[in-house]
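This report concerns only the one structure given below.
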Number of protein chains: 2
Amino acid sequence: MNIGDAAKESGVSAKMIRYYEEVGLIRAPARNQNGYRAYDKSNIHELKFIRRARDLGFTVEQISGLMHLWRDRSRASADVKRIALEHVEALEAKTREIEEMANTLKHLAANCHGDGRPDCPIIENLAEGCHHASPTHLGKGFEKLR
Amino acid sequence: MNIGDAAKESGVSAKMIRYYEEVGLIRAPARNQNGYRAYDKSNIHELKFIRRARDLGFTVEQISGLMHLWRDRSRASADVKRIALEHVEALEAKTREIEEMANTLKHLAANCHGDGRPDCPIIENLAEGCHHASPTHLGKGFEKLR
DNA sequence: ATGGACCTTCCAATGATGGGAGGGTCAAGC
DNA sequence: GCTTGACCCTCCCATCATTGGAAGGTCCAT
C-alpha cells in the first residue's frame, strides 16, 4: 500500500503522513524496492487514531502521549482520563477567551448606529481605550487563538 | 522617544513594533542621528490602537483595514460595524467548534472509570472509531484552532 | 575608559499544513 | 518499445504572530 492509498484510507494527507514520520509521531514504514513507503493495516489503524485525535484538538505532542498509552496494554485508564480532562479544560479556557472578545465586540457594535455617518464607538474604543467593555485583561495562552 | 519607551507605553513589544513596521501596518518612524527609531505621541496612539485590536482577536490584516477606516474621517460607521460583526461571527464559529470537541471529550471521559484498569473508552474511541459522540464532521477553518 | 542598558540588522525557530520544483517509477494503451 | 499520466521521492518555501539570539553600534553614568 503506497502513501496515497494510505492517505485516502486514513483521511490524513500524504504530506502530513510524511510529516508525522519526520517528527517521530509514527515510525518509518518499510520501503519497497523502488523506495516507496509501504503501509499495512496496522499503519492505517494508527493513522486513523491520529486523525481522530487531531479532530478532537489534540496537539501532535499530546497525541504522542496518547499513542504510547494506547500501545501500553498495562496503562491505567486514569492516565488517559487525566489527559482528556486536562484537554477539555484547555479547550474550555479557549472558548471563554474567544467569547470574551466576541462579547466585547458585540457590545461595541450594538452601540454603533452603523449608517453613513462617520462616528463609530467601535473605532473610538480602539483609539481611546476600553470604556465600554473588556473589563479584565486577557490572560496567557491567548496569543495562539487568532 | 526610543523604541523601548514606546513599547512600555503602548504595551506592544519592541520586536513587534519593528515587525509591524516591516509588514507595513505602521509607517517607518523618523530616525535620530544615531539611527534609533524616534516615536512621538501619535505613534504611541497608533500602537495602542493596534494593541487593543489585537486583544480583540483581529489579525494584522484586519487591523490594517480598521486603521485605514480610523484615519479616514469620512468613513461610514457601517463599514466598521460590518467588519466587527463579521469578526464576531468568526469568533463564535471558533467557539462552537472548540466546544464541540470539548463536549465529545467530556462524554468519553464520563464513560471512563478512570482507575487503574486498562480498559478506557477514550482510547477505544480514538482507536476504533467514533461510537460515542462527534456525530458531525468538523468544518473548515477548524485547522488553525489548536 | 569601562560597564550596562540601550539600539540596530539579520537569522532562526515555533506548529501544522499546503504548495511546488526537479526527478524517479510504474502501468496502461498505442 | 515508447509515450503518457498518475504516482512516488526529497528538498525548499510560505503561512501567521511572536520570540529568541548573535554581532555590532551608541549613550550615559560612574
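Any value given below was found using the heavy atoms of this structure, including those in side chains, with hydrogens, waters and symmetry copies removed. Residue numbering restarts at 1 for every chain, and letters A, B, ... go by the order of the sequence lines. Computed from a predicted structure; not experimentally measured.
- Nearer the 5' end of DNA chain C, as judged by each residue's closest nucleotide, is the contact made by B:Lys8, out of B:Arg31 and B:Lys8.
- No side-chain heavy atom of A:Leu47 sits under 4.5 Å from any side-chain heavy atom of A:Glu9.
- Regarding A:Ile50, its CD1 atom lies at a distance of 17 Å from the P atom of C:dG15, rounded to whole Å.
- At whole-Å resolution of the value, CZ in A:Arg54 and P in C:dG15 are 12 Å apart.
- The backbone N or O of B:Gly4 sits nowhere less than 3.5 Å from a side-chain atom of B:Asn2 that would complete a donor-acceptor pair.
- Considering only side-chain atoms of A:Met16, the nucleotide from C:dG18, D:dC8, C:dT8 that sits closest is C:dG18.
- The CD1-C1' distance, from A:Ile17 to D:dC9, rounds to 14 Å in whole Å.
- Across the protein-nucleic acid pair, A:Asn32 atom CG and C:dT25 atom P stand 13 Å apart, rounded to whole Å.
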Using nucleotides 22-25 of chain D, report all nitrogen or oxygen pairs with the protein that are shorter than 3.5 Å.
unit_1: D:dG25; atom_1: N2; unit_2: B:Tyr36; atom_2: OH; d: 2.8

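- A heavy-atom distance below 4.5 Å is not found between the side chains of A:Lys94 and B:Met101.
- Counting heavy atoms of neighbouring residues, nucleotides and ligands inside a 6.0 Å radius, atom NE2 of A:His68 does not exceed 12 of them.
- Aromatic ring orientation, A:Trp70 versus A:Phe49: parallel (interplanar angle below 30°, classes split at 30° and 60°).
- Listed nucleotides: D:dA17, D:dC9, C:dT17. Nearest to the side chain of A:Tyr19: C:dT17.
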Identify every side-chain donor-acceptor pair in residues 78-89 of chain B under 3.5 Å, counting partners at least two apart or on other chains, and give the distances.
unit_1: B:Lys81; atom_1: NZ; unit_2: A:Ala109; atom_2: O; d: 3.3
unit_1: B:Lys81; atom_1: NZ; unit_2: A:Cys112; atom_2: O; d: 2.7
unit_1: B:Arg82; atom_1: NH1; unit_2: B:Glu86; atom_2: OE2; d: 3.4
unit_1: B:His87; atom_1: NE2; unit_2: B:Leu56; atom_2: O; d: 3.1
unit_1: B:His87; atom_1: NE2; unit_2: B:Gly57; atom_2: O; d: 3.1

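- For A:Tyr20 and A:Gln33, each mapped to the nucleotide of DNA chain C holding its nearest heavy atom, the one lying further toward the 5' end belongs to A:Tyr20.
- Between C:dT9, D:dC8, C:dA16, one nucleotide has an atom nearer to the side chain of A:Val60 than all others, and that is C:dA16.
- For D:dC8, neither phosphate oxygen OP1 nor OP2 lies less than 4.0 angstrom from any side-chain nitrogen or oxygen of A:Arg37.
- Computed from coordinates, the B:Asn2 CG to C:dA5 C1' distance equals 11 Å when rounded to whole Å.
- For the helix from C:dA1-D:dT30 to C:dC30-D:dG1, the end axes, each set by the C1' atoms of five terminal pairs, are bent relative to each other by 30° (nearest 10°).
- At whole-Å resolution of the value, CD in A:Glu22 and P in C:dT14 are 11 Å apart.
- Atom CD1 in A:Ile3 sits roughly 17 Å away from atom C1' in C:dC26 (whole-Å rounding).
- Atom-to-atom, CD of A:Glu61 to P of C:dG15 comes out at 8 Å; the value is rounded to the nearest Å.
- Using a 4.5 Å heavy-atom cutoff, the side chains of A:Arg71 and A:Glu46 are in contact.
- Residues B:Met1 and B:Asn43 fail the side-chain proximity criterion, which asks for heavy atoms closer than 4.5 Å.
- Nearest to the side-chain atoms of B:Ser13 among the listed nucleotides C:dC7, C:dT9, D:dT19 stands D:dT19.
- Environment of CZ in B:Arg31: crowded, with over 12 heavy atoms of neighbouring residues, nucleotides or ligands closer than 6.0 Å.
- Distance from the side chain of B:Arg18 is smallest for C:dT9 among the nucleotides C:dT9, D:dT19, D:dA17.
- Looking at which nucleotide of DNA chain D each of B:Asn34 and A:Ala38 is closest to, the 5′-most match is held by A:Ala38.
- The number of heavy atoms from other shown groups lying within 6.0 Å of NE2 (B:His45) is above 12.
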